[in-house]
Amino acid sequence: QVQLVQSGGGLVRTGDSLRLSCTATGRPINTYTVAWFRQAPGKEREFLAGINTQGKLSAFFADSVYGRFTIFRRNDLNTVYLEMLTLYPEDTAVYYCAADESGGSGPRSDVDYDFWGQGTQVTVSS
């Protein structure tokens, strides 16, 4: 069973960039499909970006963040990253990483994911 530990986040200004990390312990992270979600107050959890298991076509994105967010994996660090460029106040939310044990390709629903990180707050000031 894998455990996901998140780091990064915090308070930034409009236009800033930020990188979030999701480090797996217990299993190689490249054997899971890993995705990032966020949840703003009063809103549903929103899919942002995902990366498939090693050997499959890699990344997939929500239209709302395509071109502004990117996702990549460092197998040597057992970590998946979410790189966020040009942040806006509407990006303020708690951000979560999640892993799909079945290794499905491109799942975008939170119900498809089995393991979750602890969440990290991102606040973008205007």
Side-chain angles (χ1 to χ4, degrees):
Q1 185 166 334
V2 70
Q3 291 185 324
L4 303 176
V5 178
Q6 296 179 222
S7 61
L11 175 63
V12 297
R13 295 181 177 181
T14 296
D16 284 351
S17 300
L18 198 61
R19 178 184 292 180
L20 305 181
S21 302
C22 177
T23 300
T25 60
R27 291 277 303 276
I29 202 167
N30 62 359
T31 62
Y32 296 85
T33 300
V34 176
W36 287 92
F37 292 79
R38 69 185 176 190
Q39 189 165 21
K43 295 189 177 181
E44 294 187 354
R45 190 173 292 176
E46 175 190 12
F47 166 78
L48 300 173
I51 186 166
N52 288 314
T53 57
Q54 197 80 20
K56 295 183 179 180
L57 291 176
S58 54
F60 50 103
F61 298 91
D63 291 344
S64 59
V65 301
Y66 182 78
R68 196 162 62 91
F69 289 10
T70 191
I71 186 170
F72 62 98
R73 182 175 56 223
R74 284 281 305 269
N75 291 338
D76 58 331
L77 299 179
N78 221 28
T79 299
V80 169
Y81 300 91
L82 182 69
E83 187 91 29
M84 304 183 289
L85 306 178
T86 317
L87 287 163
Y88 300 101
E90 50 265 39
D91 293 314
T92 295
V94 178
Y95 284 68
Y96 299 90
C97 66
D100 170 15
E101 190 172 35
S102 72
S105 292
R108 296 167 182 258
S109 173
D110 57 0
V111 299
D112 292 319
Y113 291 85
D114 307 292
F115 305 101
W116 291 81
Q118 79 274 20
T120 187
Q121 176 71 42
V122 173
T123 303
V124 185
S125 65
S126 57

Establish, yes or no, whether a centroid distance under 6.0 Å links the rings of F47 and F60. yes
Does any N or O in the side chain of T92 come within less than 3.5 Å of the main-chain N or O of V124, such that one atom is a donor and the other an acceptor? yes
Between P107 and D100, the two heavy atoms sitting closest are CG-OD2, 3.7 Å
Can you check whether F37 and Y96 have ring centres sitting under 6.0 Å from each other? no
Closest approach of A24 to L4 (non-hydrogen atoms, all atoms of both residues): CB-CD2, 4.0 Å
For Y66, I'd like to know if atom OH has over 12 heavy atoms of other residues, nucleotides or ligands within 6.0 Å. no
Scanning both residues in full, the closest heavy-atom pair of D76 with R74 reads OD2-NH2, 2.6 Å
Heavy-atom pair with the smallest gap, counting every atom of L18 and G9: CD2-CA, 3.8 Å
Within this structure, what is the OG1-OH distance for the pair T14 and Y88, rounded to the nearest 0.5 Å? 9.0 Å
Main-chain N/O of C97 paired to Q6 side chain as donor or acceptor, under 3.5 Å: yes
To the nearest 0.5 Å, atom OG1 of T120 lies from atom CG of L82 at 11.0 Å
Just wondering, are more than 12 heavy atoms of other shown residues or ligands nearer than 6.0 Å to CD in E90? yes
In terms of hydrophobic clusters joined by side-chain contacts under 4.5 Å, are Y81 and I51 together? no
Exam field: side chain R45 to backbone S109, donor-acceptor pair closer than 3.5 Å: no
S125 side chain vs V12 backbone, donor-acceptor pair below 3.5 Å: yes
Gap separating the OG1 atom of T33 from the CD atom of E101, nearest 0.5 angstrom: 11.0 Å
Measure the spacing between CZ of R73 and CG of N52 and express it to the nearest 0.5 Å. 8.5 Å
Would you find more than 12 non-hydrogen atoms of other residues, nucleotides or ligands less than 6.0 Å from D63 atom CG? no
Would you give the length of the straight line joining atom CD1 of I29 to atom SG of C22, rounded to the nearest 0.5 angstrom? 5.0 Å
Of all heavy-atom pairs between E83 and R19, which one has the smallest distance, and what is that distance? OE1-NE, 2.6 Å
Do D110 side-chain atoms and E46 backbone N/O form a donor-acceptor pair below 3.5 Å? no
How long is the gap from CG on D16 to CG on D91, to the nearest 0.5 Å? 11.5 Å
Under the side chain to side chain donor-acceptor pair (under 3.5 Å) criterion, do T79 and T23 qualify, and how do the steps go? CA-CA 4 Å; T79 299; T23 300; 2.8 Å; yes
Is there a path of hydrophobic side-chain contacts, each under 4.5 Å between heavy atoms of I/L/V/M/F/W/Y residues, joining F115 to V5? no
Work out which heavy atom in Y95 is nearest to a heavy atom in L48; give both atom names and the distance. CE2-CD1, 3.5 Å
